[in-house]
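The chains referred to below are lettered A, B, ... by the order of the sequence lines, with proteins before strands, and numbering in each begins at 1. Everything quoted here is computed from the prediction, not taken from an experiment.
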2 protein chains.
Amino acid sequence: MKKQIMMLVTVLLAAFTSNADEGMWTLNNFPAAKVKSKYGVNIDKNWLQHAMLSSARIAGGCSASFVSENGLIMTNHHCAHSCIEQLSTGSKDYVATGFYAKKLKDEVKCPEIEINKLVEITDVTKQVQDATKNLADKEFNEKLKATNSKIEKECSKGSDQLRCEVVSLYRGGQYHLYRYQRYQDVRLVFAPEFATAFFGGDPDNFNFPRYDLDVSFLRAYENGAPLKTKDYFRWSRNGPQENDLSFVVGNPGSTSRLMTVADLKFLREHTMLDSLLSQSELRGFLNEFAKRGPEQKRIVNGHIFGIENSLKARKGRHAVLMDSKFMDEKIKAEKKFRDKVNANPKLKKLYGDAWDEVEAAYKNQMKIYYELDAIERNSLGSRLYGIARNLVRATTEMAKPNEVRYFEFTDARIPQLKQGLLSAAPIYDELEIAMMEYALIKVREKLGPDHAMVKKMLGMKSPEEVAKELIKGTKLRDVKVREALFNGGRKAIEASNDPMIKYFLMIDPEARKLRDYYEENVEAKLKRAGEKIAKAQFAIFGDTTYPNATFSMRISYGQVKGWDENGKSVKPFTDFDGAFGRHTGREPFALPESWLDAKSKLNGKTSLNFSSTNDIIGGNSGSPVINKDAEIIGLVFDGNIQSLGGDYGYDEKLNRAVSVSSNGMMEALKQIYSADRIVNEISESASLP
Amino acid sequence: MKKQIMMLVTVLLAAFTSNADEGMWTLNNFPAAKVKSKYGVNIDKNWLQHAMLSSARIAGGCSASFVSENGLIMTNHHCAHSCIEQLSTGSKDYVATGFYAKKLKDEVKCPEIEINKLVEITDVTKQVQDATKNLADKEFNEKLKATNSKIEKECSKGSDQLRCEVVSLYRGGQYHLYRYQRYQDVRLVFAPEFATAFFGGDPDNFNFPRYDLDVSFLRAYENGAPLKTKDYFRWSRNGPQENDLSFVVGNPGSTSRLMTVADLKFLREHTMLDSLLSQSELRGFLNEFAKRGPEQKRIVNGHIFGIENSLKARKGRHAVLMDSKFMDEKIKAEKKFRDKVNANPKLKKLYGDAWDEVEAAYKNQMKIYYELDAIERNSLGSRLYGIARNLVRATTEMAKPNEVRYFEFTDARIPQLKQGLLSAAPIYDELEIAMMEYALIKVREKLGPDHAMVKKMLGMKSPEEVAKELIKGTKLRDVKVREALFNGGRKAIEASNDPMIKYFLMIDPEARKLRDYYEENVEAKLKRAGEKIAKAQFAIFGDTTYPNATFSMRISYGQVKGWDENGKSVKPFTDFDGAFGRHTGREPFALPESWLDAKSKLNGKTSLNFSSTNDIIGGNSGSPVINKDAEIIGLVFDGNIQSLGGDYGYDEKLNRAVSVSSNGMMEALKQIYSADRIVNEISESASLP
């Protein structure tokens, strides 16, 4: 894998051309002229508005789209995985068997899925930047948060149905207000077996050719009935064809393309490296935990997928950061930029010190680096600890005015928080204990056995004893107990005898101290400096570029296309025959029974997955791929290995998005799953022949 | 931990002074004048000769010393751990309970320990360098190996009692022939409980203050009777005192102080990083494997210790490599050196291209990097696979003349190989299967499921199936079967139906191809270039420095001394009271019953561990610490966290060796273990009062 990544970087640095299909564009700043000139296709405001209203975000970290007038939602299997798992039990494992609601009434509510439908974007840059003008780090940051929270609150007018978020673009160069319709009654309609959704498992992940049916269907409900909507994507009758112009509308999570050298070095030497190491160890632990037995395997499966997926992606990114050529090139580019700033006295005065400020911020972070990770940014591997933490923090923060709360407890975010807190999703004691013991060992390892907090958290007990006592002793398993504490506020919390609540209450003061230090001395500096750099960029290079990804809606354009690898051409399509060819009958290369049974009925030449040049990144999972007529031709679920460098740049020669073909989905729904209800619902909405 | 390492590097680059206690000196090039001038002590040839003959090497990777005229050997518990474990069973676990042979006849033979006693060092530089003069890479390397093998064979005259090794010093700047007496009948005499030998476990590892009784006693036998020797260290009656001049005689494994920037970058970006990641994952797996049950915990305990120890050390080293300041400093120093070489036309012509050759070597290595690791340098986590591999390779190689064999099958190394091959040490199927499955998954991950070798190694089966079939099917568990195959030679191997033998026979051709490529295109270049750089160094800086460590005998000098850490002074001694103070009763902070029972008898103020400025590194474990009168005052078992950067440099302000105090050992032997026989044996030999 690394070898391919290396190749990417070498090319990447030389390959940027203004004509490449690069960019994760905001919906209100789409380069229509560029697309027109390269592809001869006119993308107008109505088209973009339709695309925006037909797309969706899954608040937990994925993308999705509406595909019928009755609120049917298409996303990846892996985006609905947690729901499918939460609805399963040892005896009814929908992850293994798949799920299909034959009738509307069979659709089951997902405990923790929230769908956000973006309805409006407003530029609030002036309002935000005026409010924070000339303020020093700490005051700047506080005022910035207060202003954003105020804008958000005014926008939603106190309604839980609306979710308003101020999005910082170009690292604070612009601020846009995104208004979403919020749906929390989301039900599971269809999911295939994990074995086909993630066929090839970790070995094939981020690789192509690929053969995954990584799809699931959900439905948004309003007032207990399917959501009626006029905004949805129709299904293409032709499906994807080689060289088709393709658009991906989704919510890429984050990119680092506008980062300074200091940012990148901190990532390379600390954040990224340390998470690689800790995730590697966790992976070893989880995979062996799965060997305890079939039920343990079932309950840990989702964790393993998450860790392995993230680990593979990070390895790819870190390899780019470790490449001296890449870093040298970044250093050169930054020097050139700074020289230009410094050559202009006005710019120099305004922005010249921004890069040193970034460095100073990271120096500050190093002072609390291990403590921050171990004490504040740590759920100790346990859902129950996380719940205790959220209960304590929420009741404390919600007693304060919206403007001064910790970010995640501002009004705009309370409904999602509450959904999680009061979710009836199952919690497994054995896994909780094992993970919490593991996490406590890691805290001791990071800080050393003599650290005051370690002594508080362990006392004379072993990590295993502490974990067992807390998990077995807490009553937070019971949703009613949580609800009572949440509604009872800080007073109820303080009166509680629950050991997990008391445990977090003991940790909280130190955790808050660390967080406050971070916000005042690191985050504030980074935000101020980021805004300066963005303004310098606008002043020197103009604003014709796109901002870093921020898990808000973006559109990318490209083409259905393969690529050349070491002189060999990789074709853009795979088909059902290929999937059967790769089947060994052994995990992760074992197709499910349903596929083997349906083999004779299937048209083996139907396309299953395809690659396209669309510029995407994590968070784009579940994004619709649409053609120039805004019809569904695919469903993004992955990128190729080379695209992992996409955090830092895009190379049209090699970077590819990987999607499930609309034709493949239809063939599977019809021939393998006989999911007639979905087939009809999609077909009715499909474009006319 | 990392924070401390960082501090080290910052200081380290500025702190080198010619007066520092730096250096792992060869016994025939000791800086006696420097020691005389700094400490006023005269170290003469006789003293050095006595120190050399009284010290020993454990061929598997540790140091040791003779402490009585009857062949009694002192080393670390962790150096004898494998022996103690191999002599244990589920019902008689000497790792947990400790071991003490009350009578001579109770001493038990260690299945796989070989002791090497260095008896002579001869300079063979001219002979080696003349033989390889003006040869190109491949021929150079072949001739070098052939010459060394020839010298070694002539030296040992075919006797298995002698072990002769040509040691390459200064990366090929000098070649010295080391002649050892070899002892393979080595018996276990005494070992305390693991709980005290490794008190504090991984959390305290590489930390100080420390409270470990990391000691064991072995005995060398000759012709079935204890070895009579006049060369041994006497026990000091005073023990270690603050500021005592202290010497460590041992076998430091390897250092990278003379490495080029290209070497260090390759380590940083590939070798070291990748092993950190894979060891982290393996650690997670092994710790969770231990949770399968008490017997599983017992059999995997030694693996866990090994991995965690190595991982912690590597993390420290990698942190230094990742530090931009360190690397920038190295780059600057190298540039200066190269400028000097290039400024002299003769040197330039002879050595100027050496650095580019190093880079070229690593470029070549990248071409086979993943394959080499996955196919050739891989024991697939299984002892039985390792045995099959050694049987196939040994029978093939030993049919060839000594001069053209793979290094590890040359005559000088056959006795050690044979000891391992024919060892009756227990092999645990459950662990073998779990580790081999794990290793096969990693091979598939490294090379991808479509790699030809992965297809060969797995076929249509899962890694678990392959591992189970091979481990359950092989007969190599039986030492007699191994012996028959070894004695039967290549013919017996080819006729064998053993599935493990056949499995390795299938892998071997590709594995050899990879190794041959490596030796011809990487190793050869590195050796040639290394010799050039060493010669340039001698030409410009003279040869008053010490060579990189090479797991051959070295002596370092220093003082019993604490250090200052963030303005706080760390005292050089800990005592028994401190150990009891740290006891929580929970692993790894649980002292054994024997200690708790003896508490009232112990003098709590007796020193237990101490720190000294001696320059050491991995491989020095088990080294004696002696005073100016060559008396035992301690036993090296660790270094402090700051010393982990010792791979790249030494800083007298911070680097400390950590040892068990001779007084502490004596107190424990007497009061806790009533090990009178050893106490008497040591006391008889002790210096007069």
Side-chain angles (χ1 to χ4, degrees), chain A residues 1-3 6 200-204 207 265 268-270 273-274 276-289 291-292 311-312 315 318-319 322-324 366-367 369-370 434 438 441 444-446 448-450 454 458-465 582 584-590, chain B residues 1-3 6 200-204 207 265 268-270 273-274 276-289 291-292 311-312 315 318-319 322-324 366-367 369-370 434 438 441 444-446 448-450 454 458-465 582 584-590:
Chain A
M1 182 191 81
K2 228 180 195 177
K3 208 189 281 180
M6 287 301 151
D202 181 67
D204 275 3
N207 281 327
K265 280 195 174 172
R268 175 178 80 174
E269 288 160 28
H270 302 291
L273 177 61
D274 291 339
L276 279 180
L277 292 173
S278 65
Q279 287 193 331
S280 291
E281 189 175 343
L282 185 60
R283 180 193 188 190
F285 156 63
L286 293 174
N287 274 308
E288 177 61 14
F289 179 90
K291 295 239 162 181
R292 288 190 186 181
L311 188 60
K312 203 164 180 179
K315 280 186 185 170
H318 193 244
M322 289 296 282
D323 191 271
S324 306
M366 277 320 288
K367 291 178 194 161
Y369 182 74
Y370 296 100
Y438 180 89
I441 293 172
R444 183 173 67 190
E445 185 173 320
K446 263 186 196 149
D450 299 317
V454 175
L458 291 180
M460 294 288 276
K461 291 171 188 158
S462 70
E464 188 179 4
E465 286 169 319
R582 202 162 180 74
T584 65
R586 268 75 167 181
E587 270 183 39
F589 299 100
Chain B
M1 180 191 82
K2 227 181 196 175
K3 209 189 276 178
M6 287 301 155
D202 181 68
D204 275 3
N207 281 327
K265 281 196 174 172
R268 175 177 81 174
E269 288 160 28
H270 302 291
L273 176 63
D274 291 339
L276 279 181
L277 291 174
S278 64
Q279 286 193 330
S280 291
E281 189 174 342
L282 186 59
R283 179 193 189 189
F285 156 63
L286 293 174
N287 273 308
E288 177 62 14
F289 179 90
K291 296 240 161 183
R292 288 191 187 182
L311 188 60
K312 204 164 178 179
K315 279 185 185 171
H318 193 244
M322 287 298 281
D323 191 87
S324 305
M366 279 318 290
K367 290 178 195 160
Y369 183 74
Y370 296 99
Y438 179 89
I441 291 173
R444 182 173 68 190
E445 186 173 320
K446 262 186 199 149
D450 299 317
V454 175
L458 291 179
M460 293 288 274
K461 290 172 190 159
S462 70
E464 189 179 3
E465 286 169 319
R582 201 163 179 74
T584 65
R586 268 74 168 181
E587 268 183 42
F589 299 99

Is it the backbone or the side chain of Pro463(B) that comes under 4.5 Å from a heavy atom of chain A, or both, or neither? neither
Does any heavy atom of chain B fall under 4.5 Å from the side chain of Gln279(A), the backbone, both, or neither of them? neither
Go through the steps for Met366(B) and His270(B) under the test side chain to side chain contact (heavy atoms under 4.5 Å, CB included), then give the verdict. CA-CA 9 Å; Met366(B) 279 318 290; His270(B) 302 291; 3.6 Å; yes
Pick from Leu311(B), Asp204(B), Thr584(B): which one has the most heavy-atom pairs with chain A under 4.5 Å? Thr584(B)
One option among Arg582(A), Glu464(A), Glu281(A) has the most heavy-atom pairs under 4.5 Å with chain B, and it is Glu281(A)
Using a cut-off of under 4.5 Å for heavy-atom pairs, which of Asp450(A), Leu286(A), Leu276(A) has the most such pairs with chain B? Asp450(A)
Ser324(B): partners by side-chain contact (heavy atoms from CB on, under 4.5 Å), with sequence neighbours left out: Lys265(A), Arg268(A), Glu269(A), Asp328(B)
With a 4.0 Å cut-off on N to O distance, would you call Lys461(A) and Glu587(B) a salt bridge? no
Indicate yes or no: at least one non-hydrogen side-chain atom of Leu273(B) is less than 4.5 angstrom from one of Leu273(A). yes
Would you say Asp202(B) and Arg444(A) make side-chain contact, with heavy atoms under 4.5 Å? no
Between Ala434(B), Gly585(B), Ser280(B), Gly448(B), which has the largest tally of heavy atom pairs under 4.5 Å with chain A? Ser280(B)
Can you tell which part of Leu282(A) gets under 4.5 Å to a heavy atom of chain B, answering side chain, backbone, both or neither? neither
Please look at Phe589(B) and chain A and tell me whether the side chain, the backbone, both or neither of the residue comes under 4.5 angstrom of a heavy atom of that chain. side chain
What verdict does the side chain to side chain donor-acceptor pair (under 3.5 Å) test give for Asp274(A) and Tyr369(A), after you've listed the backbone C-alpha separation in whole Å, the side-chain angles of each residue and the deciding distance to 0.1 Å? CA-CA 11 Å; Asp274(A) 291 339; Tyr369(A) 182 74; 2.7 Å; yes
